[in-house]
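The structure appears right after this line, and notes come after that.
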Amino acid sequence: MIDWFGRARRDLPWRRADCTGWGVLVSEIMLQQTPVARVEPIWREWLDRWPVPSALAASSQGEVLRAWGKLGYPRRALRLHAAATVIATEHGDVVPADVDTLLTLPGIGAYTARAVAAFAYAKRAPVVDTNVRRVVARAVHGEAEAGPPSTTRDLADVEAMLPAAEAEAARFSAALMELGALVCTARAPRCADCPVYDGCAWQRAGRPAYTGPVKATQRYAGTDRQIRGLLLDVLRDTPEPVWKDSLDVVWPEDPGRRDRCLGSLLEDGLVEQIPDGRFALPGEHR
DNA sequence: CATTCGTGGTA
DNA sequence: TTACCAAGAAT
């Protein structure tokens, strides 16, 4: 696995030797549920503009949301801003290397905490994302897909196969993820190119089809997520606050639901209503 | 444990 | 064209 990784690994900017823990953290947050190709240009802009956590913390939430653009799940941007504030004020502007400390930061969960510890600081920690879950399901358990996620079980699975030495474990974690991303892919795995072909339980079992529960396909068109996205799109595109009618036009067919979406954006802190009644991205018009 | 939360590319 | 997919976290 580690030899294969040395040959096949992608040369991503957050994997460069000179990339800081902050750079790794920003990449991990951006990469949550988001393809590498879409993250890369935004990540570069962010690291140029905000090379350290305190720099991001000094910007308003609105500026941060604009720079996030259409990466998706904008609450991630707000949480990253909040995490940067904590890191700047309580951790000397240095991203923590300890998993338990990372877990206390907003927006950092079981995966991201271990990914930062492993990839930024070469710590020995099981890093379990959707790629790793799929590789383990196939190579270890002989099944085509991973079942429903269970953090405790998933972490234990990977912990059991992690090399003892710290630096080696970190490389192995990166290799496992990269294997799932490049070879052991969801729809058309390239088994002929797989470095663990001979040891793969799924291969040996004759690559049986998945029999477990089918997860409901997640729709987007016509959902609250789409409406919220349309509302935010208006505010990202205007430097000045807008009156409500400018927001109403994005979803005239169901005013009740649209207003509920606006309300949820206000609750989430993604939108703010200023004293004169207009709406704006948060933190820019005090 | 199940839902919710954006967005765009691709088979 | 639809359905699936992409380095999850919070509730």
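Letters A, B, ... are given to chains in the order of the sequence lines, protein chains preceding strands, and every chain is numbered from 1. Atom set for the values below is all heavy atoms of this structure, side chains included, hydrogens, waters and symmetry mates excluded.
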Checklist entry - Step by step, would you call D198(A) with R204(A) a salt bridge (charged side-chain N to carboxylate O under 4.0 Å, His left out)? => result CA-CA 8 Å; D198(A) 293 330; R204(A) 284 202 295 261; over 6 Å; no
- [ ] Evaluate the side chain to side chain contact (heavy atoms under 4.5 Å, CB included) criterion for residues E28(A) and Y111(A): first the C-alpha distance (whole Å), next the side-chain angles of each, then the deciding distance (0.1 Å), finally the verdict.
- [x] CA-CA 9 Å; E28(A) 292 301 340; Y111(A) 162 75; 2.6 Å; yes
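As judged by a 4.0 angstrom heavy-atom cut-off over every strand, A37(A) is placed among residues making no nucleic acid contact. Heavy atoms of R10(A) sit under 4.0 angstrom from at least one base atom. Note on P74(A): only backbone sugar-phosphate atoms sit closer than 4.0 angstrom, heavy atoms only; bases stay farther off. Within 4.0 Å of S27(A), counting heavy atoms only, lies no atom of the nucleic acid at all. Among the heavy atoms of the strands, none lies under 4.0 Å from W68(A). Base contact: L12(A) has a heavy atom under 4.0 Å from a base atom. At the heavy-atom level, T130(A) lies under 4.0 Å from the strands shown only through sugar-phosphate atoms. Using a 4.0 Å heavy-atom distance criterion, I29(A) is classed as making no nucleic acid contact. Contacts of A186(A) with the nucleic acid, taken as non-hydrogen atoms under 4.0 Å apart, involve only primed sugar atoms and P, OP1 or OP2. Base contact: G72(A) has a heavy atom under 4.0 Å from a base atom. Across all strands shown, R236(A) has heavy atoms under 4.0 Å from sugar-phosphate atoms exclusively, and none from any base. Counting non-hydrogen atoms under 4.0 angstrom, P148(A) reaches nothing in the nucleic acid.
Among pairs with a residue in residues 177-190 of chain A, those fulfilling salt bridge (charged side-chain N to carboxylate O under 4.0 Å, His left out) read R10(A)-E178(A), R15(A)-E178(A), R190(A)-D193(A), at least two apart in sequence or across chains.
S59(A) and R49(A) are not linked by any side-chain donor-acceptor pair at a separation below 3.5 angstrom, with hydrogens and angles left out of the test.
Across the P atoms, dT1(C) and dG6(B) are found 26 Å apart, a figure rounded to whole Å. The separation of dG8(B) from dA9(C), taken at their P atoms, amounts to 23 Å, rounded to a whole angstrom. Rounded to whole Å, the P atom of dA7(C) lies 22 Å from the corresponding atom of dC5(B).
Here the side chain of T85(A) pairs a donor or acceptor atom with the backbone of H81(A) at under 3.5 angstrom.
Looking at residues two or more places apart in sequence or on another chain, you find a salt bridge (charged side-chain N to carboxylate O under 4.0 Å, His left out) between R228(A) and D268(A). Partners of R260(A) by salt bridge (charged side-chain N to carboxylate O under 4.0 Å, His left out), not counting sequence neighbours: none found. Checked against salt bridge (charged side-chain N to carboxylate O under 4.0 Å, His left out), D100(A) has no partners two or more places apart in sequence or in another chain. The side chain to side chain contact (heavy atoms under 4.5 Å, CB included) check on R153(A) picks up S150(A), with sequence neighbours excluded.
Look at NZ on K70(A): it is 5 Å from P on dT7(B), rounded to the nearest Å. Atom-to-atom, CE of M30(A) to P of dG6(B) comes out at 16 Å; the value is rounded to the nearest Å. In this structure, CD of Q226(A) is placed 12 Å from P of dC5(B), rounded to the nearest angstrom. Counting to the nearest Å, the C1' atom of dT7(B) and the CG atom of L230(A) are 11 Å from each other. Separating the CD atom of Q33(A) from the P atom of dG8(B) is a distance of 16 Å, rounded to the nearest angstrom. When rounded to the nearest whole Å, the span between CD1 of I42(A) and C1' of dG8(B) equals 13 Å. We find that CD of E40(A) is positioned 16 Å from P of dG9(B), with the value rounded to whole Å. Between I227(A) atom CD1 and dC5(B) atom P the separation is 10 Å, expressed in whole Å.
With the nearest nucleotide of DNA chain B identified for both R225(A) and P35(A), R225(A) has the one nearer the 5' end. Residue S150(A) is the one, among R228(A) and S150(A), whose nearest nucleotide of DNA chain B lies closer to the 5' end (criterion: closest heavy atom). Mapping E178(A) and L103(A) onto DNA chain C by nearest heavy atom places E178(A) at the nucleotide closer to the 5' end.
Contact footprint of chain A on DNA chain C: nucleotides with an atom under 4.0 Å from a non-hydrogen protein atom, first to last in 5' to 3' order, dA3(C) to dA10(C).
In this model, a side-chain donor or acceptor of T34(A) finds a partner on the base of dG6(B) within 3.5 Å. No donor-acceptor contact under 3.5 Å links the side chain of R187(A) to the base of dT10(B).
When the side-chain nitrogen and oxygen atoms of Y220(A) are compared with OP1 and OP2 of dG6(B), none of them lie within a distance under 4.0 Å. Taking only side-chain nitrogens and oxygens, R219(A) never comes nearer than 4.0 Å to OP1 or OP2 of dT3(B).
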